[in-house]
Amino acid sequence: MKQSLNFVWILFITIHLHYGQTQVIKNKLSDTLGMDEAFLTISNKNYSDSIVFLYNIVVCEFCTFDQLGDPLPTNSSQTLKIGTKYPYDIQVFTEIQNKTIQCNIQSYSFSENASYILEIIQINPNHSSCSINQTKPSSYYWTPVIILLILLCLLVFFIQLFNVLYKSPNMRRILISFGYQRLDHHEANVTQHTSPTTQRHALPIIAEDTDQTNIHNIINSPGQLPLVGYARPADSTIKTTKVAPKRLRGLDTFRGFSLMVMIFVNYGGGGYWFFDHSVWNGLTLADLVFPWFTWMMGVSVVLSQRSLLKKKVSKVDIFLKICRRTVILFFLGLILQSGFAKPKSIRILGVLQRLGLCYFFTAILVLISDRLEDESQWPAGNDVGQPIGIELKNTIFKFWPQWISILVIICTWIFITFIPKLDNCPRGYVGPGGKHYYGQYQNCTGGMAGYIDRTILGDSHLYGYPTCRDVYDTKIPYDPEGLMGILTGIFLCYLGVNAGHIFAHSTSVRRVCGQWIASGVICGFFGLLLSKGGHSDSWIPINKNLWSLSFIFVLASLAYIILTILYLLVDVKQWFTGEPWLWLGMNSIVLYVGHDVCSRGFPIQFQVNDTHPQLLAVHAYGVAWWIFISGILYYNKIFIAI
């Protein structure tokens with residue numbers, strides 16, 4: 001009941017405001033340039049015929065070129081505002097004869113607030129030349145990002161420095177001395193009726209705490225890699241019972257880092273395109289965090305259920321706990337994104353809804369087939385003699401029923417995506433529709449995934465502003481958190497379960513890290529193989545909108561590697577405390593809801609001019625605010641879970 005009351009306030013939330021991209025070409029010229037804009041002067045120096053400039057932004061793949069400005073007669077020019085987010089392909093034609101002029105400019109990147117001139121010069125009747133020259137320097141586009149990264153590194157450094165100084169012997173002596181001074185001051189003000197027994201007991205308490213801390217430091221000395229969940233015996237030949245693993249702080253750190261990035265990109269990421277989601281295929285920083293949360297949820301499922309089973313909690317009670325958490329996540333997401341919308345236009349699926357559904361199916365799969373085995377006969381010690389074959393059996397192969405279930409889910413996704421044939425769409429189409437493939441498949445956005453969502457959920461209950469809308473000029477809604485993505489989301493969550501199994505059942509840190517790294521390499525190999533090295537024209541492109549199979553493999557690969565690094569730094573070697581990301585990771589759901597509710601309100605966020613430095617500053621300030629809140633919750637030991 002107490003936990004449920006923590007979420008009553010969520011009933012009063014508002015909706016995120018979503019902003020579209022700026023227009024690519026602006027024909028109305030003003031004296032000043034805005035964010036992501038530049039001046040481009042197109043000039044026909046001496047070509048006898050009127051010429052037409054055509055352009056296409058590179059991210060719009062297989063799209064028809066659009067006209068840039070007006071046709072230019074000889075000895076004329078025109079100055080335009082042009083967007084600078086993405087590179088351009090430019091072609092030049094003669095207006096009357098529709099003859100292509102030998103001027104093919106590919107993937108040219110314009111810099112923000114700079115000025116350029118594109119000139120066409122006819123050298124002879126059969127030969128002409130073209131060139132783009134920058135006539136005015138650009139703004140300091142990357143400087144705010146570099147400053148932000150430096151400030152983030154300094155924040156982490158000073159937090160680590162404070163922890164080192166606070167735990168140092170000199171600081172401990174100062175704190176003990178300060179404790180003595182307070183004790184002397186207290187003794188000077190107490191009456192003579194104070195019990196002498198109480199006074200004599202003060203020193204042993206301080207000494208006992210100090211001794212326990214020193215013993216803790218010795219046991220956790222980074223000189224040797226500690227065992228996973230083992231108590232070190234005096235005689236390494238003795239067999240001992242393996243205890244349940246403690247909380248994986250590296251995982252909490254990873255979760256907190258992902259949450260920090262998610263808050264930053266949700267607030268706007270300073271208006272930079274690489275802090276926004278991909279237009280369709282490909283990866284940006286914003287595409288990483290949500291799938292990582294799904295993967296980390298799988299790791300937590302294993303550790304949580306093992307802990308509950310060791311406490312003799314029945315599987316029925318665990319099942320009810322899974323159902324309760326799923327319902328809370330689903331309806332929490334529904335409330336967050338719906339606000340005051342009418343029932344007929346409520347978006348049904350979303351981020352928390354997908355997390356809840358992926359969690360439900362994965363947790364049920366683990367609950368049915370996992371069992372708490374007798375580990376009393378497992379060997380303990382640094383020289384673990386367990387063969388690698390038995391190790392793999394305990395961590396992977398004995399869960400073959402789960403892997404078969406996941407394989408069925410993967411095959412189902414592949415079959416539904418690539419086998420059926422839709423009207424006016426090619427078989428297996430997974431493109432954005434609209435202008436893609438020169439407008440042949442305008443109403444095929446998302447292929448079968450989009451069709452299933454529109455058929456089952458209806459257009460009015462889908463996300464109406466997909467990331468491909470502005471660039472590809474799509475006309476139909478498409479939901480990146482649709483039904484088909486739940487299948488691959490379950491697969492991604494189960495890859496996290498695999499990481500949890502490895503951590504729980506391996507017999508040494510080296511075995512844990514080795515299997516995590518091997519799993520990351522295998523997933524990365526399959527992801528790059530299916531996408532042919534990350535190309536759009538491949539078997540299965542890397543696509544966050546579809547949660548494609550290659551996308552799942554690549555994101556899982558990165559997650560395995562990152563968790564391995566953080567596990568060694570935070571849990572094993574203890575060279576890094578994980579702060580401030582650890583603070584965020586310990587209250588991730590509360591902070592996620594809070595940042596959404598307060599996404600447009602003062603003092604978390606406020607209105608500034610549309611420039612990268614100001615937007616980046618206010619969005620980073622919003623992140624800093626939630627880091628501060630998470631630090632207060634962490635040090636007051638306030639951890640709210642669902």
Is atom [atom1] of [X] surrounded by more than 12 heavy atoms (other residues, nucleotides or ligands) closer than 6.0 Å?
X      : atom1 : value
Tyr621 : OH    : yes
Phe525 : CZ    : no
Tyr451 : OH    : no
Asn75  : CG    : yes

Please answer whether the main-chain N or O of [Y] pairs with a side-chain N or O of [X] as donor and acceptor at a distance below 3.5 Å.
X      : Y      : result
Thr84  : Asp36  : yes
Thr294 : Gly489 : no
Gln614 : Thr611 : no
Gln160 : Trp575 : no
His461 : Ile346 : yes

Residue pair Phe293, Met262: steps toward the side-chain contact (heavy atoms from CB on, under 4.5 Å) verdict: CA-CA 10 Å; Phe293 272 108; Met262 179 177 282; 3.8 Å; yes
Pairing residues for Glu579 by the side chain to side chain donor-acceptor pair (under 3.5 Å) criterion, not counting sequence neighbours: Asn163, Thr577, Trp583, Tyr635
Nearest non-hydrogen partners of [X] and [Y], listed with the distance:
X      : Y      : result
Tyr140 : Pro144 : O-CD, 3.2 Å
Leu546 : Ala449 : CD2-CB, 4.2 Å
Leu530 : Ser550 : CB-CB, 4.0 Å
Met448 : Thr417 : CG-O, 4.1 Å

Parallel, tilted or perpendicular for [X] and [Y], by the 30°/60° rule?
X      : Y      : result
Trp413 : Phe418 : perpendicular
Trp142 : Phe274 : parallel
His436 : Tyr429 : tilted
Tyr437 : Tyr441 : perpendicular
Tyr116 : Tyr108 : perpendicular

Quick one: does [X]'s side chain get under 4.5 Å of [Y]'s, heavy atoms only?
X      : Y      : result
Met297 : Cys358 : no
Tyr472 : Cys60  : yes
Cys444 : Leu422 : no
Val618 : Tyr267 : no

Verdict with reasoning, Thr79 to Thr41, per side chain to side chain donor-acceptor pair (under 3.5 Å): CA-CA 4 Å; Thr79 302; Thr41 300; 3.0 Å; yes
Pair Met296-Phe254, side-chain contact (heavy atoms from CB on, under 4.5 Å): steps then yes or no: CA-CA 8 Å; Met296 286 183 279; Phe254 189 11; 3.6 Å; yes
side-chain contact (heavy atoms from CB on, under 4.5 Å) evaluation trace for Arg454 with Asn443: CA-CA 11 Å; Arg454 291 188 293 271; Asn443 297 322; over 6 Å; no
ring-ring contact (aromatic ring centres under 6.0 Å, His included) evaluation trace for Tyr478 with Trp280: CA-CA 12 Å; Tyr478 178 79; Trp280 192 250; 5.6 Å; yes
Thr64 vs Asn56, side-chain contact (heavy atoms from CB on, under 4.5 Å): CA-CA, chis, key distance, verdict: CA-CA 7 Å; Thr64 304; Asn56 178 55; over 6 Å; no
Single hit among Phe553, Phe551, Phe526 for ring pair (Phe, Tyr, Trp, His ring centres under 6.0 Å) with Phe491: Phe553
Ring pair (Phe, Tyr, Trp, His ring centres under 6.0 Å), paired with His612, selected from Tyr141, Trp273, Phe275: Tyr141
NZ/NE/NH1/NH2 to OD/OE distance under 4.0 Å, Lys544 and Glu481: yes
Asp470 bridged to Lys85 by N-O distance under 4.0 Å: no
Reference residue His277; test side-chain hydrogen bond (donor to acceptor under 3.5 Å, both in side chains); the match among Thr467, Asn545, Asp287: Asp287
